[in-house]
Amino acid sequence: MKIAFRAAQYLLVLLSVVTAAQSAKERSLLDDEVTKKGQALFTDLFLDKKKASDHVEELRSFTWQTPYDFKVVMAVSYQMLSIRIPPDEAKEILLGAMEASAALDLSEKDKVLMRVVAHLCEMYAENDTTWPHLTKLQELGLPVFEIIGAATDLKPQKVTEMSRRNQLRARPAVKILGRQFYVKYRGSAAKAIGDQ
């Protein structure tokens with residue numbers, strides 16, 4: 001897991017460009033530069049230039065509708081894919097995490113998104129421990145025990161108890177959270193753009 005997190009950090013460093021541009025044209029040019037670098041890195045991950053290009057363009061298209069920095073969205077996507085989350089699942093988890101992170105009344109949306117995704121990735125990669133990560137997500141303000149409970153017809157207290165005893169399967173929990181974050185918080189990312 002730490003390897004995947006380091007890979008995401010490395011990706012952020014590689015994608016770093018001057019982001020102080022003010023005009024839409026300058027910002028677009030910067031995003032084109034970031035897109036090219038991202039395509040090269042995802043090509044190494046997918047081993048297919050077309051898939052990498054399509055993936056980066058898809059990330060780019062829905063990042064414009066959010067308050068998140070394109071580099072951060074690519075980094076967390078890379079983090080998920082590098083721990084072998086299947087691309088369709090990674091997309092669903094990412095979209096849910098973006099909506100949930102935007103719904104939180106916190107000023108540093110990019111950092112919050114990175115924290116949410118890091119906890120989800122660690123749960124997915126470890127696949128046997130959910131309690132510490134769910135607790136951290138709960139502390140951020142995400143009602144994860146209630147969300148999992150509602151999706152599985154369990155009471156939140158039962159979900160909490162199962163998580164403490166490592167009886168809650170991590171990968172299904174991550175999938176549920178990604179899907180249900182999107183359902184519960186849908187539209188929060190777009191709204192957060194207007195709040196900036």
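Numbering of residues begins at 1 and proceeds along the displayed sequence.
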Quick one: does [X]'s side chain have a donor or acceptor within less than 3.5 Å of a partner on [Y]'s backbone?
X: Ser101; Y: Met98; result: no
X: Tyr68; Y: Leu113; result: no
X: Ser53; Y: Lys49; result: no
X: Tyr185; Y: Ala97; result: no
X: Thr160; Y: Pro156; result: yes

Test of understanding: with side chain to side chain contact (heavy atoms under 4.5 Å, CB included), list the residues that count as partners of [X], not counting sequence neighbours.
X: Lys36; answer: none
X: His119; answer: His133, Lys136, Leu137
X: Gln65; answer: none
X: Arg186; answer: Tyr182

Could you tell me whether [X] and [Y] make a salt bridge, using a distance below 4.0 angstrom between a side-chain N and a carboxylate O?
X: Glu58; Y: Lys91; result: yes
X: Glu92; Y: Lys175; result: no
X: Asp69; Y: Lys71; result: yes

Handout entry: Atom pair CD (Glu126) and SG (Cys121), whose distance is rounded to the nearest 0.5 Å
Key =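 Nearest 0.5 Å value for the CD-SG distance: 11.0 Å.
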
Problem - Separation of Glu161 CD from Gln167 CD (nearest 0.5 Å) - result: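 So the CD of Gln167 and the CD of Glu161 are separated by 7.0 Å.
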
Exercise for the section: Could you check if a side-chain atom of Glu146 sits within less than 4.5 angstrom of a side-chain atom of Gln138, using non-hydrogen atoms only? Expected result: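 Contact flag for Glu146/Gln138 side chains = yes.
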
Exercise for the section: Measure the shortest side-chain to side-chain distance between Phe62 and Leu59 over non-hydrogen atoms and say whether it is less than 4.5 angstrom. Expected result: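 When only atoms from C-beta onward are counted, Leu59 and Phe62 do touch, with a gap below 4.5 Å.
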
Practice task
Can you sort out the partners of Ser188 under side chain to side chain donor-acceptor pair (under 3.5 Å), two or more places apart, ordered by chain and number?
Solution key: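 Per chain and number, Ser188 pairs via side chain to side chain donor-acceptor pair (under 3.5 Å) with no residue.
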
Exercise for the section: Taking side chain to side chain donor-acceptor pair (under 3.5 Å) as the test, write out the residues that go with Gln180, two or more places apart. Expected result: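 Not a single residue meets the side chain to side chain donor-acceptor pair (under 3.5 Å) criterion with Gln180.
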
